[in-house]
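Below: the structure, in structure tokens.
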Number of protein chains: 2
Amino acid sequence: MAGAPRRRSAGDRRAQLVAIGLELLPTTPVQELTIDEVARRAGISRSLLFHYFASKRDYYTAVTRAAADVLREHLAPRPGLPADEQAAGMLDRYVGWVETYRDAHLAFVRGAAAGDPWVAEVYEETREALVEVTLTALDVPDDTRRRQLLRAWFAFTEDLVSQWVREPSMARAELVELLRGLLTRLLDD
Amino acid sequence: MAGAPRRRSAGDRRAQLVAIGLELLPTTPVQELTIDEVARRAGISRSLLFHYFASKRDYYTAVTRAAADVLREHLAPRPGLPADEQAAGMLDRYVGWVETYRDAHLAFVRGAAAGDPWVAEVYEETREALVEVTLTALDVPDDTRRRQLLRAWFAFTEDLVSQWVREPSMARAELVELLRGLLTRLLDD
DNA sequence: TAGCTTGCTGACCGTTGCTCAGCAAGCCGA
DNA sequence: TCGGCTTGCTGAGCAACGGTCAGCAAGCTA
């Protein structure tokens with residue numbers, strides 16, 4: 001600890017600060033995360049943080065984007081699998097994710113969604129990307145109606161899984177199957 | 001204007017402050033609403049606001065609750081109608097509501113959802129109440145599984161309608177019918 | 001050694017949430 | 001009319017926060 005280098009390269013320091021934000025995110029609503037606290041944890045002055053991030057918003061956006069990237073990577077379809085198995089696989093990974101992180105996940109999703117417009121924007125981007133990736137993974141036609149339904153289905157899934165984790169009202173397999181069935185019914189029309 | 005009474009009764013003043021908050025809510029994310037601004041609009045000192053509301057949180061909660069009450073009242077089932085017409089009526093009113101308020105509604109819903117735990121709590125209460133009222137209005141059995149599905153359906157509806165208002169991807173009637181059909185399918189099981 | 005780049009800090013500023021002692025408006029009994 | 005009570009209301013002031021800025025100093029090179 002005491003032997004840690006006092007001076008880091010710009011890239012290292014930036015990464016460290018974002019990492020600290022990611023650590024704090026599960027326990028702290030995004031906007032209650034103070035610059036003071038982050039700087040204290042990093043063992044640096046507030047001023048240095050402002051050297052790397054133009055503003056608090058800028059820092060939050062970076063942290064939120066990093067969190068979103070982790071989730072996206074986790075949910076990404078596994079190449080090589082047939083289209084009809086992708087949905088089940090992604091759903092399974094999603095439920096597993098929420099099971100693992102519970103409140104942390106909710107805090108992230110909801111916290112990102114509202115809070116402030118700039119963070120909401122990152123969240124929006126992520127959703128859009130997930131819709132994109134799912135549409136191609138499931139190999140269904142791409143039109144506005146389907147996109148909207150898919151997005152709404154994500155909202156449904158997000159909400160249902162959050163509730164289910166807290167109070168399982170059906171078997172896990174049943175939950176996944178229900179969501180998968182709903183998805184195909186909505187998209188096949 | 002100049003003739004307005006300088007001293008109001010406690011109840012009047014409280015109501016006035018909440019009303020100002022409600023006015024500001026559509027254009028301002030909940031937490032960007034500063035005490036200074038509210039006090040300025042009310043023509044009083046900041047200190048007085050803290051006399052009526054123990055803290056900023058307390059004030060926000062009161063405002064959010066007031067907003068939620070307006071929405072709840074608007075969506076409430078019309079007594080006397082048969083159960084199977086209630087869903088269509090409530091959905092119609094909901095879509096109309098979102099059509100009218102658009103971003104304001106989104107700002108409220110999302111803004112309330114995240115932001116801060118205490119406001120989220122009010123939002124949670126409101127959702128719970130809507131689930132309750134809908135279950136009885138539709139006259140379906142009340143169990144955990146149905147409650148969770150209904151809540152998730154609300155999330156779906158909220159999201160889909162928000163998107164649809166921005167970019168109508170189907171006829172209005174079709175939208176309402178899709179939502180109503182999904183609801184009955186989910187609850188009848 | 002001098003000189004450069006650059007990671008880094010301390011002191012400072014305006015704003016915001018919040019406190020507190022106390023003023024004063026309006027109603028009372030005398 | 002006067003004193004006294006309640007209570008709506010204010011101004012000064014504090015601590016914490018986001019953000020700025022001049023300048024120190026670590027580490028490389030010549």
Side-chain angles (χ1 to χ4, degrees), chain A residues 1-21 24-25 27-64 111 114-120 122, chain B residues 1-21 24-25 27-64 111 114-120 122:
Chain A
M1 273 287 178
R6 303 198 146 277
R7 282 168 78 104
R8 297 194 181 207
S9 76
D12 270 14
R13 188 60 87 187
R14 232 189 117 93
Q16 179 207 18
L17 293 174
V18 170
I20 288 177
L24 257 38
L25 210 55
T27 59
T28 322
V30 202
Q31 47 240 307
E32 283 185 21
L33 213 157
T34 79
I35 297 293
D36 258 328
E37 174 66 11
V38 176
R40 206 183 51 74
R41 291 209 178 210
I44 59 167
S45 65
R46 259 173 326 188
S47 320
L48 188 56
L49 199 146
F50 283 108
H51 177 70
Y52 289 105
F53 301 93
S55 66
K56 193 187 161 194
R57 304 209 282 214
D58 202 38
Y59 176 64
Y60 285 179
T61 305
V63 172
T64 308
D116 291 275
W118 14 286
V119 178
V122 175
Chain B
M1 275 289 179
R6 304 198 146 276
R7 284 168 76 102
R8 296 195 181 204
S9 76
D12 270 14
R13 188 60 88 186
R14 234 190 114 92
Q16 179 207 17
L17 293 174
V18 170
I20 289 177
L24 258 37
L25 210 55
T27 59
T28 323
V30 202
Q31 45 240 309
E32 282 184 22
L33 214 156
T34 79
I35 297 293
D36 259 327
E37 174 66 10
V38 176
R40 205 182 54 73
R41 292 206 176 212
I44 60 166
S45 65
R46 260 172 322 180
S47 321
L48 188 56
L49 200 145
F50 283 109
H51 177 69
Y52 289 105
F53 302 93
S55 65
K56 192 187 161 194
R57 306 209 280 214
D58 202 38
Y59 176 64
Y60 285 179
T61 305
V63 171
T64 308
D116 292 274
W118 14 286
V119 178
V122 175

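Since this is a predicted model, take the numbers as computed values, not measurements.
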query = Using a cut-off of 4.0 Å on non-hydrogen atoms, how would the nucleic acid contact of Y52(A) be classed: base, sugar-phosphate, or nothing?
reply = sugar-phosphate
request  = Please list all pairs passing the salt bridge (Lys or Arg N to Asp or Glu O under 4.0 Å) test where one or both residues lie in residues 43-58 of chain A, with sequence neighbours left out.
outcome  = D36(A)-R46(A)
ask   = Between D12(B) (CG) and dC9(D) (P), how many Å, whole number?
value = 10 Å
message = Just the rounded figure in Å: distance from C1' of dT7(D) to CZ of R13(B).
response = 13 Å
request  = Measure the spacing between OG1 of T34(B) and CZ of R40(B) and express it to the nearest 0.5 Å.
outcome  = 9.0 Å
key: Separation of dT7(D) C1' from R14(B) CZ (nearest whole Å)   = 16 Å
ask   = Is any side-chain heavy atom of F53(A) closer than 4.5 Å to a side-chain heavy atom of I35(A)?
value = no
request  = Decide yes or no for Y60(B) and V122(B): does some side-chain heavy atom of the first lie under 4.5 Å from some side-chain heavy atom of the second?
outcome  = no
Any side-chain heavy-atom pair of V18(B) and Y52(B) under 4.5 Å = no
ask   = Between atom CD1 in I44(B) and atom P in dT7(D), what is the gap in whole Å?
value = 19 Å
For nucleotides 24-27 of chain D, give me every protein contact, N/O to N/O, under 3.5 Å, one pair per line with atom names.
| residue | atom | partner | partner atom | Å |
| --- | --- | --- | --- | --- |
| dA26(D) | O4' | R7(A) | NH1 | 3.1 |
| dA26(D) | N3 | R7(A) | NH2 | 3.2 |

note = For I44(A) and L49(A) the tightest heavy-atom approach is CD1-N, 4.2 Å
key: Where L17(A) and A42(A) come nearest, the two heavy atoms and their spacing   = CD2-CB, 3.7 Å
key: Summary of protein contacts for nucleotides 11-21 of chain C, nucleotide by nucleotide, where a base hit scores B, a sugar-phosphate-only hit scores S (4.0 Å, heavy atoms)   = BB---SBBBB-
task = Determine whether R41(A) and V38(A) make a side-chain contact, defined as any pair of heavy atoms from C-beta on separated by less than 4.5 Å.
result = no
ask   = When the distance from CZ of F53(A) to P of dG18(D) is rounded to whole Å, what number comes out?
value = 15 Å
ask   = Whole-Å distance between dT9(C) P and R40(A) CZ?
value = 15 Å
